[in-house]
Every structure is written in structure tokens, then in C-alpha cells.
Chemist: 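Before I ask anything, here is the structure I am working with.
In what follows, residues are counted from 1 in the order of the sequence shown.
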Amino acid sequence: MDHLQVLNQLLERTREYKMPLVLALVDYEKAFDSVEINAVLLALQQQGIGDEYVALLQELNSNCATTITLFDRPLNIKVGRGVKQGDTISPKLFTACLEQIFRQLNWDEVGIKINGRWLNHLRFADDIVLIGCSAVDMRNDQVADTTLHVDQHQLQQVDSYIYLGQELTTDHKIGRELARRRRAAWVSFGSIAETANNRAIDPDIRAALFNSTVLPAMLYGAETWTMTAADRLKLAVTERAIERRMIGVQQTDHVRNEQLRAMTRVDDAVDLANKAKKRWAGHLMRRTDERWTREVTVLLPIDIKRPRGRPATRWRDSLRQDLGHNWMRLAQDRQTWADRCGLR
């Protein structure tokens with residue numbers, strides 16, 4: 001969620017102030033299979049892991065083999081690279097190796113300068129985002145059209161990218177992501193339809209199943225969304241359509257929304273999205289560890305004049321509307337914030 005917040009706020013702020021932004025998104029293909037075990041062991045040593053642990057990991061990852069059976073004849077194949085799939089320590093070994101690579105790169109004055117510090121990359125396991133102000137893989141409309149090649153391979157230029165489960169677009173509009181979330185809600189409902197549609201089962205049990213299955217799929221990442229009234233309406237319409245399917249009524253039956261909700265007893269998706277955003281916003285504002293999440297969220301470029309005209313809807317606008325212009329100060333007190341936001 002931290003990385004999604006950072007990227008959404010970068011896209012929003014650069015769009016508002018017409019600032020150039022480049023995002024090069026790297027997702028390693030078959031990541032765990034691509035690393036050499038010797039490189040992993042060296043990275044562990046250089047990062048201060050005890051020799052006895054390094055030796056144990058070396059033994060566990062040496063002389064490995066896999067067996068496949070062809071026409072009833074087993075074939076033994078030695079594994080010469082990569083870490084073990086399914087082993088709980090494999091992600092940590094890969095991350096340690098990648099960490100060593102990034103420690104050796106020169107990041108001086110590279111990226112976007114925010115409050116005297118350079119934001120140049122984000123890392124989550126094998127999902128990497130490189131951040132800058134010149135054109136590469138993904139860029140906003142303030143960067144000139146150009147191409148970048150790596151080892152004679154031209155990087156693909158895209159207008160949208162699914163990062164950590166959320167679709168990001170260069171124009172920072174959430175229409176595509178909302179459409180994905182609404183489809184995910186229907187798919188999730190399909191997995192529980194047999195139980196959810198069974199009116200012989202206690203309505204509270206069916207509602208609890210809906211709340212714990214469908215709504216999380218619909219609202220994944222809602223903390224970072226910048227929604228308009230039209231976006232909220234789309235969420236509400238989708239939820240009501242699923243509710244009608246749940247209790248077996250048609251839209252032509254003219255069941256009022258209040259009656260529908262009384263029958264299904266499920267939570268309201270729009271209300272949950274708003275509360276999730278406020279809970280997350282309070283958490284961000286109380287942070288004191290200088291994470292990029294808070295730094296980018298409160299960023300107001302002082303050396304760049306915002307163009308004339310009303311800006312597009314911003315993430316903080318709904319917080320200001322509901323809680324006032326001093327919402328950041330209000331969030332410093334956890335109890336007061338929870339009471340004002342109805343988070344109890």
C-alpha cells in the first residue's frame with residue numbers, strides 16, 4: 001500500500017503541476033530461477049549474515065536435482081541455478097541478492113528531488129519501479145516521446161501498467177482500475193454464489209461471507225483512490241446488482257435500495273472505501289519515520305507555479321471536504337481522528 005500511495009501521489013502531483021515524470025517498471029521473468037546461488041551467498045556475506053548460516057544455505061542449495069518421468073522412465077536432472085520454488089526462505093534469498101545489486105548502483109542526484117532527498121526507485125520483492133524525469137518505459141504527457149534500449153532491446157512504452165495488483169495510468173484516472181475491481185467483485189461472488197444465493201442459510205452468515213469475500217476484491221487499494229461522485233456511483237451500482245443476484249430479485253421488481261440493503265444486510269462498499277481511505281490517511285499523517293509515503297502525499301512544489309484553472313480531483317480533496325482544511329493536524333491525535341471519521 002505504501003508503494004501504491006507513492007506512485008498515485010506522484011502521478012497526481014506531476015499532473016497537477018505539469019511536471020515531467022518517468023516510471024520504468026521492471027518485473028523479472030522467472031525471478032527465482034534467474035539468480036546464481038554463488039551470487040546469493042556472496043550477497044549474504046556482504047550484508048553481515050553469519051558464516052554458519054551462509055554455510056547451511058549453501059549446503060541446502062547444492063547438489064539439487066529434480067526428477068521427471070517420461071514413458072515410465074524417471075529422468076534425473078541436476079539444478080544448477082536458482083533457489084528452490086516453494087521454499088519459504090527463497091524470496092528472502094532473492095531479495096538479498098537484489099539488494100546487493102542496488103547497493104552497488106550510483107543513485108547520486110538521480111530521480112525526483114523531494115524536500116532535499118532524491119526519490120529514484122521503489123522495490124517490493126521482484127517488482128521494481130525506477131523513477132526519473134526523462135523518457136523511458138512509462139511516462140506522463142509532460143515528457144517528450146523517445147525510446148530507450150537496454151542491450152539492444154527497445155523497452156515497451158505503455159499508457160497503463162498493473163503494479164502490485166492495481167492498474168496505474170499516465171493520466172492518473174482510475175476508470176480502468178475501478179472496472180477491474182468491479183469485475184473482480186463479480187468473480188469473487190461467483191465463487192460463493194452457491195452459498196450466498198441459498199436463502200435457507202441464515203442471512204447474517206450470507207452477509208458475513210459477502211463482506212469477507214466480495215467487498216475486499218472490490219475495494220483492494222481503495223485507500224489510494226481519488227474518486228469522483230461518478231466513481232462512487234459506479235461502485236454502488238455494482239454492489240446493488242450483486243445484491244439483487246444474491247436474493248433473486250430483478251431490477252424491474254422496483255425494490256428500493258433501502259429495502260434491498262435490509263434484506264441482504266451487507267456492508268456498504270462506498271462507505272467502506274471512504275473509511276479505509278480516512279483510516280489510511282490518519283496512519284500516514286502520524287508517521288515520523290520519513291517514509292516516502294508521507295513525504296510525497298504532503299508534497300507541494302514551491303518552485304513550480306501551478307497552471308491556471310481548476311485542477312482535477314485530488315486525493316486529499318475528499319478529506320478536506322469531510323474534515324476541513326486542517327485535516328492533517330487533526331489526524332495527529334488518533335482518538336480524535338477516529339471519532340471524527342467514524343472509525344469505531
Side-chain angles (χ1 to χ4, degrees), residues 1-27 111-112 114-115 119-124 127-133 137-143 158-182 184 216 218-232 234-235 270 272-285 287 290-301 304 306 311-322 327-328 331:
M1 199 60 63
D2 284 271
H3 287 194
L4 291 177
Q5 178 75 11
V6 170
L7 292 179
N8 275 287
Q9 287 302 293
L10 277 178
L11 289 166
E12 177 180 294
R13 204 71 73 247
T14 54
R15 181 189 180 198
E16 181 181 356
Y17 286 86
K18 304 298 182 183
M19 298 164 55
L21 173 67
V22 171
L23 300 176
L25 298 115
V26 183
D27 187 5
I112 295 180
I114 299 176
N115 296 333
L119 172 57
N120 41 51
H121 70 280
L122 298 171
R123 286 179 282 160
F124 187 90
D127 288 298
I128 311 297
V129 182
L130 306 178
I131 302 169
C133 299
D137 186 42
M138 180 176 176
R139 65 190 192 283
N140 64 5
D141 56 6
Q142 304 305 311
V143 179
V158 296
D159 294 323
S160 67
Y161 191 90
I162 298 176
Y163 175 70
L164 300 182
Q166 185 179 105
E167 184 165 2
L168 303 173
T169 62
T170 52
D171 60 5
H172 190 50
K173 294 181 180 179
I174 66 168
R176 291 185 184 181
E177 175 60 14
L178 280 182
R180 293 180 68 248
R181 293 296 103 216
R182 290 154 60 201
M218 179 184 285
L219 301 178
Y220 170 76
E223 295 89 336
T224 67
W225 292 350
T226 302
M227 288 199 296
T228 63
D231 296 325
R232 295 185 182 92
K234 290 177 181 178
L235 281 182
V270 174
L272 285 180
N274 290 334
K275 287 184 177 180
K277 180 175 180 177
K278 290 174 181 177
R279 185 179 292 107
W280 173 245
H283 181 60
L284 287 183
M285 292 305 107
R287 280 183 173 171
E290 296 185 346
R291 293 193 198 184
W292 286 118
T293 324
R294 189 183 190 281
E295 295 290 317
V296 176
T297 300
V298 301
L299 174 66
L300 290 175
I304 300 177
R306 192 177 71 190
T313 303
R314 297 166 295 192
W315 181 83
R316 63 179 181 270
D317 286 346
S318 62
L319 298 171
R320 285 184 172 181
Q321 182 177 352
D322 294 346
W327 68 271
M328 293 185 184

Chemist: So which heavy atom on Q166 is nearest to which on G221, and how close?
Modeler: NE2-O, 3.6 Å
Chemist: Name all residues meeting the side-chain hydrogen bond (donor to acceptor under 3.5 Å, both in side chains) criterion together with D322; count only those two or more places apart in sequence or in a different chain, and write none if there are none.
Modeler: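 K278.
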Chemist: Output all residues satisfying side-chain hydrogen bond (donor to acceptor under 3.5 Å, both in side chains) with R316, sequence neighbours left out; order by chain, then residue number.
Modeler: none
Chemist: Mind checking what makes salt bridge (Lys or Arg N to Asp or Glu O under 4.0 Å) contact with R291, not counting sequence neighbours?
Modeler: D2, D289
Chemist: I'd like to check L7 versus T224 (side-chain heavy atoms, cut-off strictly below 4.5 Å). Are they in contact?
Modeler: no
Chemist: Tell me, do D127 and L25 make a side-chain contact under 4.5 Å, heavy atoms counted?
Modeler: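 No. Closest side-chain heavy atoms not under 4.5 Å.
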Chemist: For R181 versus G165, what's the shortest heavy-atom pair and its separation?
Modeler: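 Residues R181 and G165, closest heavy atoms: NH2-O, 3.7 Å.
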Chemist: To the nearest 0.5 Å, tell me how far R314 CZ sits from E16 CD.
Modeler: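 The distance works out to 4.5 Å.
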Chemist: Measure across A281 and L319 and return the closest heavy-atom pair with its distance rounded to 0.1 Å.
Modeler: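 Taking every non-hydrogen atom into account, CB-CD1, 3.7 Å.
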Chemist: Are L299 and Q9 close enough that some pair of their side-chain heavy atoms sits under 4.5 Å apart?
Modeler: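 No, their side chains stay 4.5 Å or more apart.
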Chemist: Does any non-hydrogen side-chain atom of P301 lie less than 4.5 Å from one of R13?
Modeler: yes
Chemist: Which is it for L235 and M218 under the side chain to side chain contact (heavy atoms under 4.5 Å, CB included) test, yes or no, and what are the steps along the way?
Modeler: CA-CA 8 Å; L235 281 182; M218 179 184 285; 3.8 Å; yes
Chemist: Could you work out, with salt bridge (Lys or Arg N to Asp or Glu O under 4.0 Å) as the rule, every residue matching K277, not counting sequence neighbours?
Modeler: none
Chemist: Roughly how far, to the nearest 0.5 Å, is OG1 of T297 from CD of E12?
Modeler: 9.0 Å
Chemist: Could you measure the distance from the CG atom of N115 to the CH2 atom of W292? Nearest 0.5 Å is fine.
Modeler: 8.0 Å
Chemist: Which residues pass the side-chain hydrogen bond (donor to acceptor under 3.5 Å, both in side chains) test with N120, sequence neighbours left out?
Modeler: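 With neighbours one apart ignored, the set is empty.
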Chemist: Can you name the closest pair of heavy atoms from D231 and T226 and give their distance?
Modeler: OD2-O, 4.0 Å
Chemist: Within the side chain of R176, is there an N or O that forms a donor-acceptor pair under 3.5 Å with the backbone of L168?
Modeler: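 No, because the side chain of R176 does not come within donor-acceptor range (under 3.5 Å) of the backbone of L168.
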Chemist: For a quick check under 3.5 Å, do R287 and T293 share a side-chain donor-acceptor pair by atom type?
Modeler: yes
Chemist: For Y163, enumerate each residue passing the side-chain hydrogen bond (donor to acceptor under 3.5 Å, both in side chains) test, keeping only those at least two apart in sequence or located in another chain.
Modeler: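 So Y163 forms a side-chain hydrogen bond (donor to acceptor under 3.5 Å, both in side chains) with H3.
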Chemist: Using side chain to side chain contact (heavy atoms under 4.5 Å, CB included), reason through V6 and V129 one step at a time and then give a plain yes or no.
Modeler: CA-CA 11 Å; V6 170; V129 182; over 6 Å; no
Chemist: I need the minimum non-hydrogen distance between C133 and P20, along with the two atoms involved.
Modeler: O-CB, 3.9 Å
Chemist: Apply side chain to side chain contact (heavy atoms under 4.5 Å, CB included) to I174 and T169, showing your working.
Modeler: CA-CA 8 Å; I174 66 168; T169 62; over 6 Å; no
Chemist: Between CD1 of I114 and CD of E295, what distance do you get to the nearest 0.5 Å?
Modeler: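 Spacing of CD1 (I114) from CD (E295) equals 8.0 Å.
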Chemist: How long is the straight-line distance from OG1 of T170 back to CG of D159, given to the nearest 0.5 Å?
Modeler: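 So the gap between those two atoms works out to 4.5 Å.
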Chemist: Provide the closest heavy-atom pair for E223 versus A276 in the form atom of the first, atom of the second, distance.
Modeler: CG-O, 3.4 Å
Chemist: Under 3.5 Å, is there a donor on one side chain and an acceptor on the other for W225 and E177?
Modeler: no
Chemist: To the nearest 0.5 angstrom, please state how far the CE atom of M328 sits from the CE atom of M285.
Modeler: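 So the gap between those two atoms works out to 5.0 Å.
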